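Fair warning: this is a prediction, and the values are worked out from it, not measured in the lab. By convention in this document, chain letters (A, B, ...) are assigned in the order of the sequence lines, proteins followed by strands, and residues within each chain are numbered from 1.
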Protein chains: 2
Amino acid sequence: MPAPILSKEEVLDLLLNTFRDRGYEGSSLAELSTATGLGKSSLYHYFPSGKAEMAEQVLAHMDRQLTTNLYEPLRLAQTPAKKLELMLDALDAFYEGGRKACLLERLCASVDRTRFRRPLRQAFTTWMDAVEAICLEAGLSSAVARERAEDFVVRIEGALIVCAGTDDYSVFARTIRDLRSSVLAR
Amino acid sequence: MPAPILSKEEVLDLLLNTFRDRGYEGSSLAELSTATGLGKSSLYHYFPSGKAEMAEQVLAHMDRQLTTNLYEPLRLAQTPAKKLELMLDALDAFYEGGRKACLLERLCASVDRTRFRRPLRQAFTTWMDAVEAICLEAGLSSAVARERAEDFVVRIEGALIVCAGTDDYSVFARTIRDLRSSVLAR
DNA sequence: GTCTATAATAGGATAGAC
DNA sequence: GTCTATCCTATTATAGAC
């Protein structure tokens, strides 16, 4: 009676959710199993090398998601201002107004962080590069564009921490609002 | 033959170090034992309720440290500008230029986070209140002072994440530099 | 207060049937 | 591809001697 079950992408979505919520060490195989509805053996069928491979594939999955759902649509937007709007709306939705954690942060904090080094760096770089490109297109200097891009990611990540720590999600909302008006300012 | 060994404060310092480095779930009793040079039984002598109590006491310990080494000396500084300098220097040293993680962030990310809720919120609030006080003393309006204080903590926490994720510590240095000149600006 | 020894459980991972 | 059963190790925690 069990047959189609879930696609690989759906499994990765559920794993992503669990890792974001409980962190890498905090997500046991038992929990990952419950979260996906798959037995441990099924998980090992998809991810022969176990939990570390799950996290790696989840990271790659999120990267693909961002590319198709954020970075690509961004290129179609008309103006730099529109692009910025689009990115901030997407981030606000993805982090649910500061209520959901960032996978990148969770993996940076894991003991196995060295294992995820390269993809983590890549994910941060891609993100900052996208913001930088918007700034450049808006006519900001190369140096300023880079600083604004770094600061953009810094503030999103920081706001997520402060919200989680204080249980006050207005900080995330205000950060998004501030970024909306300050990133492209001259 | 073993006798004085370590003071409670020294033990807490070593535990703080381990929790910052490996996170809450990532710090096993075996590691906490090696880090302190104390056997497990000795740790349970100091912390009868185990790891969660260690983290709680480490948090309280850090709070005391910050009070005596940062918040109190801050009150003696002459001008708001001097106070800001003092705090940024202390943070730069405490986080070793972005190379060492924040205990607050690590505990926010832990699965047991609800257990640390109150002290975490308290620690963040105390920190932001200190920055807010400096801003107010410098003549900024109440609303702006609060925003600047929240943004201050957001950017420090965010910079630590981005540095860990990209292995590029210049972001922390630049964040500190930016804060130095922007926090009290009118 | 510290140690050695040990219990009890949870965690990651595999075998083999279906 | 999924399940049940199982293995091994790590982890938390305690007991009892010194």
Contact summary for V58(A) and L103(A), nearest pair of heavy atoms:
CG1-CD2, 3.7 Å
Here's one to test your reading of the geometry: is the NZ or CZ of K8(A) within 45 degrees of the ring axis of F47(A) and under 6.0 Å from its centre?
yes
As a check of understanding: the bend across the helix from dG1(C)-dC18(D) to dC18(C)-dG1(D), end axes from five pairs, rounded to 10 degrees, works out to 0°
Interatomic distance, L43(B) CG vs dT11(D) P [rounded to whole Å]:
15 Å
N or O in side chain of H45(B) less than 4.0 angstrom from dG1(C) OP1/OP2:
yes
Suppose we screen for side chain to side chain donor-acceptor pair (under 3.5 Å). Which residues come up paired with R115(B), at least two apart in sequence or across chains?
E56(B)
Going by atom type alone, with no hydrogens or angles, which donor-acceptor pairs under 3.5 Å involve a side-chain atom of residues 18-28 of chain A and a protein atom two or more places apart or on another chain?
from: T18(A); atom 1: OG1; to: L14(A); atom 2: O; distance (Å): 2.9
from: R20(A); atom 1: NE; to: A101(A); atom 2: O; distance (Å): 2.6
from: R20(A); atom 1: NH2; to: F94(A); atom 2: O; distance (Å): 2.8
from: R20(A); atom 1: NH2; to: A101(A); atom 2: O; distance (Å): 3.1
from: R22(A); atom 1: NE; to: G26(A); atom 2: O; distance (Å): 3.4
from: R22(A); atom 1: NE; to: E31(A); atom 2: OE1; distance (Å): 3.2
from: R22(A); atom 1: NE; to: E31(A); atom 2: OE2; distance (Å): 3.1
from: R22(A); atom 1: NH2; to: E31(A); atom 2: OE2; distance (Å): 2.6
from: Y24(A); atom 1: OH; to: A52(A); atom 2: N; distance (Å): 3.2
from: Y24(A); atom 1: OH; to: D112(A); atom 2: OD2; distance (Å): 3.4
from: E25(A); atom 1: OE2; to: V111(A); atom 2: N; distance (Å): 2.7
from: S27(A); atom 1: OG; to: G23(A); atom 2: O; distance (Å): 2.6
from: S28(A); atom 1: OG; to: E31(A); atom 2: N; distance (Å): 3.2
from: S28(A); atom 1: OG; to: E31(A); atom 2: OE1; distance (Å): 3.3

Flag yes if I161(B) and L66(A) sit in one hydrophobic cluster, no otherwise; membership is Ile, Leu, Val, Met, Phe, Trp, Tyr, and two members link when side-chain heavy atoms are under 4.5 Å apart.
yes
Contacts of Q122(B) meeting side chain to side chain donor-acceptor pair (under 3.5 Å) (sequence neighbours excluded), chain-then-number -> T126(B)
Each nucleotide of nucleotides 5-18 of chain C classed B (base within 4.0 Å of a protein heavy atom), S (only sugar-phosphate) or -, in 5' to 3' order, makes ------SBBBB---
Nearest-Å distance for atom pair CG/P, residues D112(B) and dT11(D)
16 Å
For E137(A), all residues meeting side chain to side chain donor-acceptor pair (under 3.5 Å), sequence neighbours excluded:
K83(A)
How many whole angstroms separate atom CD of E53(B) from atom P of dA13(D)?
11 Å
Can you name the nearest heavy-atom pair linking Y46(A) to Q57(A), along with the distance?
O-NE2, 3.9 Å
